[in-house]
Protein chains: 2
Amino acid sequence: MATPTREPNRREQILAAAAAKFARYGFHGVGIDDIGAAVGISGPALYRHFRGKEAVLAEMLTGISDTLLAGGRERVGGEDPAADLDRLVAWHVGFALGNPDLITVQARDLDSLGSPDRNRVRERQRAYVEVWVDVLCRLHPGLARSTARAAAHAAFGLINSTPHSTRLSSGAMTDLLHRMARAALAEVTG
Amino acid sequence: MATPTREPNRREQILAAAAAKFARYGFHGVGIDDIGAAVGISGPALYRHFRGKEAVLAEMLTGISDTLLAGGRERVGGEDPAADLDRLVAWHVGFALGNPDLITVQARDLDSLGSPDRNRVRERQRAYVEVWVDVLCRLHPGLARSTARAAAHAAFGLINSTPHSTRLSSGAMTDLLHRMARAALAEVTG
DNA sequence: CGAGGATGTTAACGGCGGCTCACGCCACTC
DNA sequence: GAGTGGCGTGAGCCGCCGTTAACATCCTCG
């Protein structure tokens, strides 16, 4: 091919391919050559775009946590906590269904990251959880934050189970997960 | 120590230690020496008890899937599908809270297994899901099995999120997860 | 008490995989 | 058209890791 369309950014191709591989085999189960082959280049060419294999994972995970946190914050702060929670659920369901590989990698390979990046990602994740906890506590005054935190984690688990599912149509799946998550969280008042 | 209590079965110590390591770092992220060190022996002594590193994972995963399936089958077949479902939820919550490492490894490292063992485990997992699907379909006549399957997976995700949670007391956590899972599954009728 | 088997140890091999290096292309600009 | 810089390749180094081998120890039993 005579440079049909000069790829604008190889980096994103690599990130997407690596996400798919990492999601299936785990960070340590995927080689540099595997990632390269998945985007049509072979082996060490990757070092023209990233400082190393771990840098690929780092950029992937910081991107996910930044996106989730930013999207979550955009959707709260309304007058009605119930509506806020509804938007949070919709946001998370949409992200998980749209990016199953990323959701899997984030849940799975965070500990393969070196301390500096890992701490950064953990911080964002913690902040994202607190967004949910705040809304839950506003919705149910008197609810202990530790209980709200456990409930939020459970809701994430429910929604993130997407990748393992025999997928229904996207619309049906969105609707099902949304309703199940809402029902589960409604149970949190005690 | 002058052989205080000769360890009856090293194998189970190794399995437990390996489960903890695998859960944290992934199968490929843990070395033979790491596992050995965790039980007080060093390195290749492991080969006195297992044919190799993969054999450890294989025994772990087949054990989990056998246990889950057997426990699930014991708890269904009553006259009341709602009571069956309740027992299934209680069973799964108890297992997940009692064995967070195993739950993590099962969800994470199945693809690191060679074909023969992997297929065996997959078969058991599939059968276990069908136990849930059967109960859901008896409880909600007319429910499509594919929808029931998606709902079951979502419930597993909710319950299995345990390891990532800042744990409440065991009793409170059991109660919370049980109620959330029940509420989520009740939403499945459409 | 001496043979044998279960359980460990250290040393060493062999392959794999991440990473570096030296080099080849183009595309674009003075 | 020669220089420059982005992008890719193939060869090779080096360290890690799963596995094997050769050798110790100790308990058990005839």
Side-chain angles (χ1 to χ4, degrees), chain A residues 1-22 24-61 105 109 111-118, chain B residues 1-22 24-61 105 109 111-118:
Chain A
M1 10 171 186
T3 40
T5 42
R6 190 71 171 155
E7 306 298 351
N9 42 0
R10 224 351 112 75
R11 289 176 64 87
E12 299 193 2
Q13 291 182 47
I14 293 174
L15 284 169
K21 296 286 186 183
F22 290 168
R24 184 161 186 76
Y25 302 105
F27 179 71
H28 295 289
V30 178
I32 287 290
D33 293 341
D34 298 329
I35 302 174
V39 299
I41 66 182
S42 261
L46 186 139
Y47 286 79
R48 301 291 173 191
H49 307 279
F50 292 91
R51 273 214 331 280
K53 184 185 167 190
E54 194 172 313
V56 177
L57 182 64
E59 180 154 334
M60 196 181 306
L61 293 187
V105 173
D109 290 316
D111 286 306
S112 300
L113 220 53
S115 301
D117 295 302
R118 185 176 61 237
Chain B
M1 14 172 183
T3 39
T5 41
R6 190 71 172 157
E7 306 299 351
N9 43 0
R10 226 350 113 75
R11 288 177 64 87
E12 299 192 1
Q13 292 182 48
I14 293 174
L15 284 169
K21 295 286 186 184
F22 290 167
R24 184 162 185 76
Y25 301 105
F27 178 71
H28 294 291
V30 178
I32 287 290
D33 293 340
D34 299 328
I35 302 174
V39 299
I41 67 183
S42 262
L46 186 139
Y47 286 78
R48 301 293 174 190
H49 307 277
F50 292 92
R51 275 214 328 281
K53 185 185 168 191
E54 194 172 313
V56 177
L57 182 64
E59 180 154 335
M60 197 181 305
L61 294 187
V105 174
D109 289 316
D111 285 306
S112 301
L113 220 54
S115 300
D117 295 303
R118 185 175 62 237

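Using a 4.5 Å cut-off on side-chain heavy atoms (C-beta onward), L57(A) and L113(A) make contact. In this structure, F50(A) and I32(A) have side chains that are not in contact, with every pair of non-hydrogen atoms separated by 4.5 Å or more. Contact check for F22(B) versus I35(B): side-chain heavy atoms found under the 4.5 Å cut-off.
Looking at heavy-atom distances under 4.0 Å, G52(B) makes contact with sugar-phosphate atoms alone, never a base. Note on V39(B): nothing from the nucleic acid sits closer than 4.0 angstrom, heavy atoms only.
One interatomic measurement links the two molecules: CG of D34(A) to P of dG18(C), which rounds to 8 Å at whole-angstrom precision. Remark: C1' of dC17(D) and CG of L46(B) are 13 Å apart, rounded to the nearest angstrom. In this structure, H49(A) places its NE2 atom 15 Å from P of dC19(C), rounding to the nearest Å. Look at CZ on F27(B): it is 12 Å from C1' on dC17(D), rounded to the nearest Å. Straight-line distance from the CZ atom of R51(A) to the C1' atom of dC19(C): 13 Å, rounded to whole Å. Straight-line distance from the CZ atom of F50(A) to the C1' atom of dG18(C): 16 Å, rounded to whole Å. The distance between atom OH of Y47(B) and atom P of dA22(D), rounded to the nearest whole Å, is 17 Å. At whole-Å resolution of the value, CD1 in I32(A) and P in dG18(C) are 5 Å apart.
Out of dT9(D), dG18(C), dT7(C), the shortest distance to the side chain of R48(A) is found at dT9(D). Here the side chain of K53(B) is nearest to one of dT19(D), dT9(D), dG8(C), namely dT19(D). Set against dT7(C), dT20(C), dG8(D), the side chain of P44(A) has dT20(C) as its closest nucleotide.
Here the CZ atom belonging to R48(B) is positioned 13.5 Å from the CZ atom belonging to R10(B), to the nearest 0.5 angstrom.
Look at H28(A) and you won't find any side-chain N or O under 4.0 angstrom from OP1 or OP2 of dC17(D).
Although no hydrogens or angles enter the test, the distance criterion places a donor-acceptor pair under 3.5 Å between the side chain of D109(B) and the main chain of F27(B).
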